[in-house]
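Written out below as structure tokens is the structure these notes cover.
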Amino acid sequence: MEHGSFTDNSAATFSLTDKDHTIANAVRFTLNQDPRVTFCGYSIPHPSEAQVNIRVQTTGDPAREVLKDACQNLMLMCRHVRCTFDKAVEHFKASNAVKALKIDSQDSSGDDSEESE
Amino acid sequence: MAEGAGEEKKKFSIWDLPDVPMGQLPPHLELQRSRVSCNKDAPIHTESIQYSGAYASMGIDNSSRLDLFSNNFRVEVVRLNEDDIEFDMIGIDAAIANSFRRILIAELPTMAIEKVLIANNTSIIQDEVLAHRLGLVPIRVDPRLFDYLSENDQPNEKNTIVFKLHVQCKRGSPRITVKSDALKWLPNGSELVKETRNATSDSSSKPEIYTYFGCSQETVPEFVKNPIIPKYPDIIIAKLGPGQEIELEAHAVKGIGKTHAKWSPVATAWYRMLPEVVLLEDIEDDLAEELKSKCPVNVFDIEDLGKGRRRATVARPRACTLCRECIRGDDWEKRVALRRVKDHFIFTIESTGALPPEVLFTEAVKILEDKCERVITELS
């Protein structure tokens with residue numbers, strides 16, 4: 001739900017239901033990074049109700065478009081995080097498998113030397 | 001006329017001076033932007049300067065575009081076990097890291113026991129206490145294979161898991177402890193029958209049952225390899241004395257941690273910023289020994305300089321717990337600086353067993369993406 005002025009659509013307050021700090025803080029962060037934004041912030045009118053008010057003021061672009069772009073950016077960031085994390089986990093598992101093989105071969109050679117003594 | 005005269009005047013800019021670094025923040029501002037300084041009384045510069053125009057008057061663009069983020073973002077896994085993972089996320093902001101942590105704790109779905117149908121309970125543990133304890137037992141099953149059960153749905157094999165617990169302590173035998181491995185999985189659904197209050201019901205009418213399983217859950221290939229059991233077989237549920245009996249059926253459904261903590265898939269998930277310990281001046285000899293003995297986690301080390309002189313170095317800054325022992329006392333604050341790097345997070349996730357921890361994190365990121373999509377569709 002957008003509360004703004006009919007004449008000037010560069011500043012508006014968006015009231016979203018069923019949202020909380022999880023999504024609101026993340027969206028506010030990506031909004032701040034956008035150079036078209038002059039002011040952005042969010043507030044939660046009452047903690048018992050799951051409602052968030054996000055205020056966006058821009059340098060002329062319609063506030064709705066800027067908010068949509070910020071959400072898109074956040075989605076792309078999340079996808080990149082997921083990709084990088086998966087690659088890092090795979091890399092870690094692969095390097096650990098190599099280390100386990102090396103330790104096994106060292107152990108077996110150590111046992112042999114003990115037996116010979 | 002006046003403008004013409006202004007253009008002819010030579011413009012002097014501070015950036016033309018030879019020793020001012022162009023396009024970069026001066027070092028003290030860079031410190032303010034990227035580090036939290038943990039002083040003796042309180043940390044300062046804790047907020048992250050996200051506003052894209054924060055340094056506009058200096059000609060520096062603070063907006064982090066997606067390509068810069070993609071280039072600088074790194075993940076390094078430090079430890080990965082069956083149950084927990086510790087990894088570093090470098091180049092991300094606290095807002096996003098906190099969103100991941102909140103989703104991991106409260107919004108990842110799991111299966112947990114919700115309805116307990118008690119046929120017989122003569123133990124000293126009350127019914128509701130027993131039901132509460134059963135709800136908290138973690139179940140080793142992938143919650144992505146199940147659907148949510150809403151009020152209008154009938155419980156069937158796609159949204160319910162049925163367990164049975166029937167333990168009896170015979171008279172004359174010693175007291176027994178009921179552990180979670182006594183919970184037996186019923187892949188064919190509930191065996192109990194609903195009581196019909198209708199006195200005029202004829203014997204030919206079918207008795208109502210609690211779950212409507214179309215096919216046995218054993219036919220699903222994942223459950224053939226890994227039957228559904230509680231993750232830990234040694235969780236004490238109740239204790240029975242001689243002559244006491246517990247007979248019950250427990251139905252597990254899918255839920256999220258926001259509704260009740262039993263549905264939280266993590267024991268806990270937390271992050272901390274990477275600590276940075278900097279020696280502002282050279283610390284030698286006795287002072288070095290004193291510094292090394294002060295730290296309870298051995299962050300500092302002594303290195304020999306030769307000729308009997310020793311110097312203190314920072315060996316393990318990552319282990320620092322920020323107890324601030326090294327800056328307690330006179331003058332130590334001038335010698336040691338404790339800082340935290342604002343965009344380097346050490347994440348630790350401990351899973352309760354439903355899903356492996358690296359899968360949990362991937363699912364949490366997917367859920368954040370879904371939330372963004374929902375916001376976008378609400379706006380359009």
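A note on names: the letters A, B, ... follow the listed sequences, proteins ahead of strands, and every chain is numbered from 1. Not measured: the values here are computed from a predicted model.
- Only the side chain of A:F92 comes within contact range of chain B, judged by heavy atoms closer than 4.5 Å.
- Ion pair B:E276/B:R340 not flagged as a salt bridge, since none of the NZ, NE, NH1 or NH2 atoms sits closer than 4.0 Å to an Asp/Glu carboxylate oxygen.
- No donor-acceptor contact under 3.5 angstrom links the side chains of A:R36 and A:T58, judged on distance only.
- We find that B:E107 and B:K371 are joined by a salt bridge, their nearest charged nitrogen and carboxylate oxygen being less than 4.0 Å apart.
- Classified by interplanar angle (parallel below 30°, tilted 30° to 60°, perpendicular above 60°), the ring pair B:H260/B:W263 is perpendicular.
- Looking only at distances, a side-chain donor or acceptor of B:S264 sits under 3.5 Å from a matching main-chain atom of B:I105.
- The candidate with the highest count of non-hydrogen atom pairs below 4.5 Å against chain B, out of A:T30, A:V81, A:D86, is A:V81.
- Along residues 82-101 of chain B, the residues that come nearer than 4.5 angstrom to chain A, judged on non-hydrogen atoms, are B:I85, B:F87, B:M89, B:I92, B:D93, B:A95, B:I96, B:S99, B:F100 in order of number.
- For the set A:H91, A:K93, A:M1, the count of heavy-atom pairs under 4.5 angstrom toward chain B peaks at A:K93.
- Only the side chain of A:K19 has a heavy atom closer than 4.5 Å to any heavy atom of chain B.
- The ring of A:Y42 has its center closer than 6.0 angstrom to the ring center of A:H21.
- A donor-acceptor pair is defined here as one N or O able to donate and one able to accept, closer than 3.5 Å; no such pair exists between the side chain of B:K254 and the backbone of B:N159.
- Under the 4.0 Å criterion applied to side-chain N and carboxylate O atoms, A:K87 and A:E90 are not assigned as salt-bridge partners.
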Stepwise salt bridge (Lys or Arg N to Asp or Glu O under 4.0 Å) test for B:D147 and B:K158: CA-CA 6 Å; B:D147 305 327; B:K158 291 208 181 50; over 6 Å; no
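- Closest approach of B:K342 and B:Q32 over heavy atoms only: NZ-O, 3.1 Å.
- Here B:E373 is the residue among B:R374, B:E373, B:E76 with the most heavy-atom pairs under 4.5 Å with chain A.
- Taken to the nearest 0.5 Å, the OG atom of B:S34 stands 11.0 Å off from the NE2 atom of B:H45.
- Annotation: residues 345-355 of chain B contacts chain A through no residue [non-hydrogen atoms, separation under 4.5 Å].
- By number of non-hydrogen pairs under 4.5 angstrom with chain B, the leading residue of A:C83, A:A70, A:C78, A:A26 is A:C78.
- In this structure, CG on B:L368 lies 13.0 Å from CD on B:E363, to the nearest 0.5 angstrom.
- Neither the backbone nor the side chain of A:V27 has a heavy atom closer than 4.5 Å to any heavy atom of chain B.
- At a 4.5 Å heavy-atom cutoff, A:E2 makes no contact with chain B through either its backbone or its side chain.
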